[in-house]
Structure formats: C-alpha cells, structure tokens
> 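Provided herewith is a single structure, encoded as structure tokens, for subsequent inquiry.
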2 protein chains.
Amino acid sequence: MITKTGRTVDQDTLDKAFMALADPVRRAIVARLSRGDATVNELAEPFAITKQAVSKHIQVLEHAGLVTRSRDAQRRPVHLDAAALEELTAWIDQYRLIAESRFRRLDALLETIENTEEKKEEEQ
Amino acid sequence: MITKTGRTVDQDTLDKAFMALADPVRRAIVARLSRGDATVNELAEPFAITKQAVSKHIQVLEHAGLVTRSRDAQRRPVHLDAAALEELTAWIDQYRLIAESRFRRLDALLETIENTEEKKEEEQ
DNA sequence: TTCTTGATCAACCTATTGGTTGATCAAGAG
DNA sequence: CTCTTGATCAACCAATAGGTTGATCAAGAA
C-alpha cells in the first residue's frame, strides 16, 4: 500500500509495526521516546524486568522501523521515527474513512426514506 | 488513556487491538469490511485457509472490539467498528504529534543557531 | 423428521513471544 | 594493562498464536 507520504509499506512491515505496538512495555517506550531520545538503561529503569528484556523490546521496535539507533561511544541512543507512526495511522484511517463515509451515506438514505414516509402520511 | 471521543481505553484493549491488526489476514478482513458487512463464509472465500481459521481471526477482531456481530437466522454478519479504529489512531497520533512538535522546535533552534553563525561571519 | 447450510467447538501440533540467567564485547577511565 | 559502564549474545523455558482435522450445533428447507 501507499501512504500520504508516498512511501510504500509492505505487509511484513505492517505486521511488525502493529505487533510492536501490541505490548504495553513497548508502548510505554514509545511514549517515553516521544519526549526525546534515550538509552537502553534509561528506558529500562521504570520497568520491573531485566535490561536484556528491554533490549529485546527495543530490537522489536527497531526491526519494525519505529525507532532508529545511533552510536555515541558506548551509548546507543534510541530515537522515535514519527514518520513510521504516521504510516500506521494512514493505513487505519484509509479504511476507517471508507467505513464512515459508507455510514454517512446510509444515514442520508435513512433520512430520505423517513422524509418520504412522512410525505406519504401527509398525503393520506 | 482518554481519546478525543472521551472514551477510556485500557492497556489490555490496546494490546488486543494492535495485536489484531498485526496479521495480514485480519487486516484484509478489516479492509473488506470497510466496504460493508459480510458473513464468515464471504470473508473466508479469498483465503487459502480453512473456514475455522477465519472464524478464529474474526473472534480475535471481536475480542479486540474492532468488529461486532449480529444475528440473522443462521447468518452472523460481521460489522466493522470505525470508532474503535479511531481510538487507535488517537493513541498513535498523541505521541507522534509530541515527537513532531519537539522536532519542529529543534528545527527552529538549529535555524536560530545557523543565523547566529552567519551573523558572526558577517561581523568578521 | 430428515437434509443442508452457516458457523462454532474441541483437541492437537508447531512456531514464536516474552522472559530469565550467565557470558561476552566495546569503549573509555584510572 | 586493568576496571567499569553500557549494551548485546546465547541458551533455555513457559505461554500463546495460527493453523489443522473432526465433531457438533442451530436454523430453515424439503
């Protein structure tokens, strides 16, 4: 599929991205990163799980294309990719808007029918 | 968290909803349903998997709150819940917009620095 | 009642997830 | 060189996801 940004997103990328967000720890990491880049240790601090587990979560986010990492001596700051998030909302909105427009058209149709019924009653 | 619609969405609901979208078969089902309600058999037709497997996929979507089902004799038409999709985009956008506004502020800062540097050069 | 249709239930198999512990590596600091 | 810090690799384990086959159920149709 093609997003508003013109980028092509394949099924596998969508699989990984949605799967990545289907975990409360990873969503908390995304929330934290929206406020600014952070290291694995910083990200691990609020959680009651091992640093290794958090490292794995970050790898999941990275393979999903939601975050990127740079090198700064021993540190490897994690950075949130807002554009990747936008592609997900674009996918969802595409179908949500179709469903909603269909709903609105049905709404209009029902109104038309109601008006017709009222007219009939008036004519009687 | 609370969405634009005022509805509260708990972690477990987000877990299930994102997990539900992390599968190409279920996304295809969502895409099909955006065009209108359909039965399990109709939804199963395009796929090379058993009807039972599709039935399970629909249950996953249902437990995630993304679709609802009504009763019409033996048929159980599946209906896409556009409002539930909206809650997901609301969650994503919340953090995407924070990250982007941060990015824009950094952009503005870098511009300020560049202008300052240019000014210095002019002064030399 | 019997047959057909639409759909689910139940049991099972395999691959993958999310977590652990323990070892290892890479880059500075002393 | 040795020590510390930040982070990853490797092996393992329990739970779950996605799929199958076979039986079952509920509602009309004949």
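Chain naming here is simple, since letters A, B, ... match the order of the sequence lines and numbering starts at 1 in each.
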> Any heavy-atom pair between the side chains of A:Ile49 and A:His57 that's under 4.5 Å?
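They are in contact (side-chain heavy atoms under 4.5 Å apart), so the answer is yes.
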
> Could you state the atom-to-atom distance from CD1 of A:Ile58 to P of C:dG19 in whole Å?
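Nearest whole value for this atom pair: 13 Å.
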
> Within less than 4.0 Å of OP1 or OP2 of C:dT8, is there a side-chain N or O belonging to B:Ser55?
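For C:dT8, OP1 or OP2 has a side-chain N or O of B:Ser55 closer than 4.0 Å.
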
> Considering only side-chain heavy atoms of B:Lys51, which listed nucleotide, D:dA7, C:dT20, C:dG6, is closest?
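Among D:dA7, C:dT20, C:dG6, the one nearest the side chain of B:Lys51 is C:dG6.
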
> Compare side-chain N and O positions of B:Arg69 against OP1 and OP2 of C:dT8 and report whether any pair is under 4.0 Å apart.
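It does, given that an N or O in the side chain of B:Arg69 lies less than 4.0 Å from OP1 or OP2 of C:dT8.
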
> Taking all non-hydrogen atoms of both residues, which atom of B:Ala84 and which atom of B:Leu66 are closest, and how far apart?
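It is CB-CD2, 3.8 Å.
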
> Take atom CG of B:Asp23 and atom P of C:dT16, then tell me their distance rounded to the nearest Å.
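After rounding, the gap between these two atoms is 14 Å.
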
> Between C:dT17 atom P and A:Leu61 atom CG, what is the distance in whole Å?
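The distance from CG of A:Leu61 to P of C:dT17 comes to 13 Å, rounded to the nearest Å.
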
> To the nearest angstrom, how far is A:Gln59 atom CD from C:dG19 atom C1'?
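Going from CD in A:Gln59 over to C1' in C:dG19 covers 14 Å.
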
> Give the nucleotide from the list D:dG18, D:dA7, C:dT20 with an atom nearest to the side chain of A:Ile49.
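Taking heavy atoms from C-beta onward, the closest nucleotide is C:dT20.
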
> If the cut-off is 4.0 Å, is B:Asn41 near the phosphate of C:dA7, judged by side-chain N/O to OP1 or OP2?
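It does, given that an N or O in the side chain of B:Asn41 lies less than 4.0 Å from OP1 or OP2 of C:dA7.
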
> Would you say A:Arg32 has more than 12 foreign heavy atoms packed within less than 6.0 Å of its CZ?
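Yes, because the 6.0 Å sphere around CZ of A:Arg32 holds more than 12 heavy atoms from other groups.
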
> Which one, D:dT20, D:dA7, C:dG18, comes nearest to the side chain of A:His57?
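Nearest to the side chain of A:His57 among the choices is C:dG18.
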
> Quick one: A:Lys56 NZ to D:dG6 P, roughly how many Å, whole number?
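Nearest whole value for this atom pair: 22 Å.
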
> Please state how far atom CG in A:Leu43 lies from atom C1' in D:dG6, giving the value in whole angstrom units.
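In whole Å, D:dG6 C1' lies 13 Å from A:Leu43 CG.
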
> In whole angstrom, give the distance that lies between atom NZ of B:Lys16 and atom P of D:dG18.
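It works out to 14 Å between those atoms.
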
> Can you tell me which nucleotide in D:dT8, C:dG18, C:dC9 comes closest to the side chain of A:Val60?
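Within the option list, the nearest is C:dG18.
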
> Please determine whether any donor N or O and acceptor N or O are separated by less than 3.5 Å between the side chain of A:Gln52 and the base of C:dG18.
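No pair found.
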
> Atom CE of A:Met19 and atom P of D:dA17: how far apart are they, to the nearest Å?
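Between P of D:dA17 and CE of A:Met19: 9 Å.
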
> Parallel, tilted or perpendicular: which fits the ring planes of B:Phe18 and B:Trp91, with parallel below 30° and perpendicular above 60°?
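If you compare the ring of B:Phe18 with that of B:Trp91, the planes turn out perpendicular.
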
> For D:dT21, does either OP1 or OP2 sit under 4.0 Å from a side-chain N or O belonging to B:Thr50?
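Checking B:Thr50 against D:dT21: no side-chain N or O falls below 4.0 Å of OP1 or OP2.
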
> Distance check, rounded to the nearest 0.5 Å: A:Ile29 atom CD1 versus A:Ser34 atom OG?
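If we round to the nearest 0.5 Å, A:Ile29:CD1 and A:Ser34:OG are 12.5 Å apart.
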
> Of the nucleotides D:dA7, D:dG18, C:dG19, which has the atom closest to the B:Arg26 side chain?
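Output: D:dG18.
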
